[in-house]
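Here is the structure we will look at, set down as C-alpha cells.
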2 protein chains.
Amino acid sequence: MAQSPDHPIPDPPTKGDRTRQALLDAAYQQFVQRGFHAASMRAIADGAGITPGGIYNHFAGKDDLFAAVVLAHHPLTRIFPQLIAAPGHTAEERLRNAAQAIAAELEADEKLLNLFFAEMIECQGKHLALLSETLMPKALAFVTELHAATDTPPGITPFGLLQTFVGTVLATVFTRRFLATAGAPAIALAGIDEFMDIYLHGILRGKTDL
Amino acid sequence: MAQSPDHPIPDPPTKGDRTRQALLDAAYQQFVQRGFHAASMRAIADGAGITPGGIYNHFAGKDDLFAAVVLAHHPLTRIFPQLIAAPGHTAEERLRNAAQAIAAELEADEKLLNLFFAEMIECQGKHLALLSETLMPKALAFVTELHAATDTPPGITPFGLLQTFVGTVLATVFTRRFLATAGAPAIALAGIDEFMDIYLHGILRGKTDL
DNA sequence: CCTACCGATCGGTAGG
DNA sequence: CCTACCGATCGGTAGG
C-alpha cells in the first residue's frame, strides 16, 4: 500500500504509549462514573494496572489527566462531527439523521453526559473555550448553509440554529435519562424522533385557542 | 387579623430553627458552587457561623444535608409550579409566559442548574423519584389540558409534551451558559423567546428543500 | 514504573 | 453548640 503524506504510518505504540492509553481509558471510566473530585488517582491507577505513583510519568497531575480525558471524550467532540457528516437530500433529512446518530451515540454510553456536567460544575467550564475553538468553525460553516435552506423564526441566526439544534438533542438525552431515573415508564417518553418533529414543525399547527 | 385554620400563625423561629436555616442556606451555596464532594462540612459550618461539630445537631450527615437542600432548591421544584401558574388565554400564551418565568428564575441564579447536575452525577439521581412523585401529578393534569388544545405531532403524549417543554427550557438555560463560558458573543445567542418560537412553530415553515 | 511515605484535609464523634 | 480529636483517604513526591 502506498503511503500518503497526509496519513503517515504511525510508529507502533511503545509500552509507554500503551500505559498512557490504559490510564486515559481508566480515567474516563472513573470521571464519568464518579465525577472529578470523587474519582481517586488510586482507582485510576488500579484500572490501568499500575501503582498510583506511576501516573505521574504520564500526566502532571489529576487536572492534567482530566483535561486529556475531556479533550478526547467530551460530548461536543462527538456531536459536531456527526452533524457535519449526516447524509440527506433536504435540510429536514440531514437534521433528522444527524440527531438520530448523535442521540444514539450519547445514549450508548449513558454516563457520557456526566463528562459535560463534571466539567461545568467541578472545573467551571475552563476547557470549553478550547473545545469550541477547535470544533466551532466547521460546524458554523455547515449550519450557515442549513440556515439559508430553512425558514427559521426571525432573530434566529445561524449560530442560534446550531445552539438550538444541539440544545434539542441534549435535551432529548438528558430528559430521558432523568425521567427514567425518576421512575417514569419508558413507553411514555418522547425520543429523538418526537423531539425533532417538534424542532422542525412545532407543537402548534393551526390550533391556537385554548 | 383573623387567623385562618388553613394558615395557622407559625411559632416564632427558635434559635435552633434559625441555625438550621442558616445551615441550609450555607450548604446550598457550597453545593451549588462546588458540587457535593468538593463542598466541605467545615466551609458550610463557617458559612452558617458555627463550628463543624454543630452541624450534627441538625443533620445526620453530609448526605442528609444535601438531601434537604435538594428538596428545597432543586430546579424541578421551581419549574413545575411556574408552569401551572402561568397566565394566558391561549396555549401559546401560557407556554410562552411559563417559559419566560422559568428561564428568568433559572438564570437569576446562574449556578442553580448545578444542583440538578450534582444530584445526577454525584448521587446517581436518588432524590429524583421522590421529587417527581411530589411534583408530577399536578403538572401532568395541567399539561393534559394543554395537550388537547395543541396539535402535537403524532406520538407525543401529554407526558411527552411536559418532557419536551421542560427539556426546551432547560436547553435554553444550559446552552446559553456553556456558550457564554466558551466565549461566544452574547448578542448571537438564542434566548428563551427564540427557543419557544421553535418549540411552538418549528424551524421549517414551508421550505423543505436544500 | 514501584515502594514507601509525606502533609493536608476530609466526615464524623466524644464529652462536656 | 464548642473543643478536641479520631481514623481514613486524598493528591502528590523522593528515591531508586
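Naming: A, B, ... by sequence-line order, numbering from 1 per chain.
With respect to Asp197(B) and Arg96(B), a salt bridge is recorded, a charged nitrogen being found less than 4.0 Å from a carboxylate O.
Closest contact between the side chain of Arg42(B) and the listed nucleotides dT3(D), dC5(D), dG11(D) involves dC5(D).
Summarising the geometry, the separation between OH on Tyr56(A) and P on dT3(C) is reported as 16 Å, rounded to the nearest angstrom. For the pair Phe59(B) CZ and dC1(D) C1', the interatomic distance rounds to 15 Å; values are reported in whole Å. Protein atom CG of Leu23(A) is 11 Å distant from nucleotide atom C1' of dC1(C), rounded to whole Å. In this structure, the CG atom of Asn57(A) is 6 Å from the P atom of dC1(C), given to the nearest Å. Distance Leu65(B) CG to dC10(C) P: 15 Å, rounded to the nearest Å. In this structure, CE of Met41(B) is placed 14 Å from P of dC2(D), rounded to the nearest angstrom. In this structure, Lys62(B) places its NZ atom 13 Å from C1' of dT9(D), rounding to the nearest Å.
For Lys138(A) and Phe80(A), the positive end is not near the middle of the six-membered ring at less than 6.0 Å and at most 45° from its axis.
In DNA chain D, runs of at least 3 consecutive Watson-Crick or G-U pairs, each pair with both distances below 3.5 Å, span C:1-16 with D:1-16.
Tyr199(B) and Phe195(B) have their aromatic ring centers separated by at least 6.0 angstrom. In this structure, Phe66(B) has its ring center no closer than 6.0 Å to that of Phe59(B).
For Ser40(A), a side-chain nitrogen or oxygen approaches OP1 or OP2 of dC10(D) to under 4.0 Å. Between Thr19(A) and the phosphate of dC1(C), there is a side-chain N or O to OP1/OP2 separation shorter than 4.0 Å. Dashed line: the shortest gap from a side-chain N or O of His58(B) to OP1 or OP2 of dC1(D) is under 4.0 Å.
Aromatic ring orientation, Phe174(A) versus Phe117(A): perpendicular (interplanar angle above 60°, classes split at 30° and 60°).
Residues Gln100(B) and Asp193(B) are in side-chain contact: their nearest non-hydrogen atoms beyond the backbone lie under 4.5 Å apart.
Of the residues near DNA chain D, Phe36(A) and Gly49(B), the one whose nearest nucleotide (by heavy atom distance) lies more toward the 5' end is Gly49(B).
In the model, His73(A) has a side-chain atom that pairs as donor or acceptor with a side-chain atom of Arg78(A) under 3.5 Å.
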